[in-house]
Amino acid sequence: MSTPHIAAESSQIAERILLPGDPLRAKFIAENFLEGAVEYTHIRNNLGYTGTYKGVPVSVQATGMGMPSISIYAHELMKVFGCQKLIRVGTCGAMHEDLNLKDVLIAQASTTDSGMMKSIFGPIMNYAPIADFTLLRRAAENAEKMNLPVKVGNVFSCDRFYDDDVDNDRLRKYGILAVEMESAALYTIAAEFHRQALSIFTVSDHLLKHQACTAEERQTTFTDMIELALATIIED
Ligand code: HPA
């Protein structure tokens with residue numbers, strides 16, 4: 001039963017799914033981390049694959065960038081394809097001195113000024129999109145087992161990548177670690193459908209230190225993040 005954006009039968013998509021923004025990252029994950037991965041969709045080039053990891057069926061679906069785009073995929077994956085555990089694997093811009101390029105970060109919660117949230121909640125302006133606690137706890141435990149230092153905290157999910165007007169100092173003052181563009185929507189839609197969702201990131205650029213990762217650096221830390229996400233998503 002295909003949807004407007006995902007051409008697949010329900011049986012072709014696993015209950016456990018990783019969600020990178022970038023279609024080529026979805027392809028990279030499928031080819032390098034999953035066994036027997038088969039492409040199930042390429043509508044709009046937002047590629048989706050299903051394979052296995054340590055014997056457990058796992059899918060990976062590109063979501064595109066930003067909350068309107070990930071909302072479409074999250075909604076269809078949960079409502080039509082029955083996905084139960086969804087882990088976004090993406091990049092973020094660090095906003096805190098304590099963070100460095102290549103660090104891995106887990107979003108415990110997401111703060112947002114997104115217009116999308118306003119359209120969902122109307123006057124309830126302070127809805128708090130949060131990670132699923134079980135996935136969050138397991139990801140933190142798995143990171144420890146892997147000797148992978150991770151930061152866990154609040155991120156800012158913004159609508160505008162190029163935004164000179166945003167008050168970064170205020171966000172930093174209230175503990176926001178990093179900025180990205182999808183998690184508030186993912187966490188909110190998971191709450192709507194009673195599903196488990198988590199976002200894990202690597203720091204690809206630093207808003208305070210004005211640094212950015214090279215392509216090669218992105219690749220290495222990306223591997224740590226994917227291994228952490230996969231170890232976490234296959235647990236019951
Ligand atoms: N802003 C928003 N989203 C991002 C950034 C950023 O600087 N880096 C990675 N994702």
Side-chain angles (χ1 to χ4, degrees), residues 18-29 45-46 60-74 86-118 129-131 139 148-189 197-226 228-229:
L18 299 189
L19 304 174
D22 179 353
L24 292 181
R25 288 224 184 108
K27 186 170 192 278
F28 180 87
I29 294 166
N45 283 328
N46 273 337
V60 52
Q61 171 69 53
T63 65
M65 291 178 284
M67 285 181 267
S69 186
I70 195 172
S71 294
I72 291 170
Y73 292 92
L86 305 94
I87 301 185
R88 163 163 155 70
V89 282
T91 56
C92 65
M95 295 182 54
H96 221 273
E97 284 290 350
D98 294 348
L99 284 165
N100 293 303
L101 290 185
K102 303 191 275 177
D103 280 356
V104 177
L105 199 144
I106 304 174
Q108 180 179 13
S110 166
T111 295
T112 187
D113 62 353
S114 173
M116 209 194 93
M117 301 294 284
K118 286 174 195 139
I130 55 168
L148 178 67
V150 291
K151 301 274 192 318
V152 180
N154 204 346
V155 300
F156 182 57
S157 302
C158 64
D159 277 344
R160 292 169 66 198
F161 185 91
Y162 298 105
D163 186 356
D164 292 337
D165 306 319
V166 68
D167 189 346
N168 284 334
D169 289 336
R170 178 152 43 168
L171 292 170
R172 195 174 302 116
K173 177 177 169 189
Y174 287 94
I176 300 292
L177 299 175
V179 58
E180 56 89 56
M181 301 185 71
E182 291 82 13
S183 296
L186 175 63
Y187 288 1
T188 302
I189 293 166
L198 183 69
S199 290
I200 307 179
F201 313 99
T202 54
V203 174
S204 61
D205 45 281
H206 206 299
L207 273 60
L208 273 182
K209 300 178 186 172
H210 303 292
Q211 301 163 330
C213 277
T214 63
E216 198 185 346
E217 284 168 335
R218 280 175 200 242
Q219 197 64 52
T220 328
T221 48
F222 185 67
T223 298
D224 289 339
M225 173 179 66
I226 299 305
L228 175 61

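As the structure lists them, so they are numbered: ligands from 1, and atoms in each ligand from 1.
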Item to check | Qualifying residue, where the test is side chain to side chain contact (heavy atoms under 4.5 Å, CB included) with R88 and the options are L198, I200, I70 | outcome: I70

Next on the checklist: Return the closest protein heavy atom for atom 10 (N) of ligand 1 as residue, atom name and distance.
Outcome noted: T91 O, 3.5 Å

Checklist outcome for this item: In this structure, OG1 of T223 is separated from CZ of F28 (nearest 0.5 Å) by 5.5 Å

Item to check | Check against side chain to side chain contact (heavy atoms under 4.5 Å, CB included), M67 and D159 | outcome: CA-CA 7 Å; M67 285 181 267; D159 277 344; 3.6 Å; yes

Item to check | For L207, atoms of ligand 1 separated by under 4.0 Å from a heavy atom | outcome: 7 (O)

Item to check | Short N or O distance, F161 and ligand 1, threshold 3.5 Å exclusive | outcome: no

Item to check | ligand 1 versus D205: contacting region, heavy-atom distance under 4.0 Å | outcome: side chain

Next on the checklist: Ignoring hydrogens, what is the shortest heavy-atom contact between L101 and C213? Give both atom names and the distance.
Outcome noted: CD1-N, 3.9 Å

Checklist entry - Got a second to check how far F201's CZ is from K151's NZ, nearest 0.5 Å? => result 15.0 Å

Next on the checklist: Within ligand 1, which atoms have a heavy atom of S204 less than 4.0 Å away?
Outcome noted: 8 (N), 9 (C)

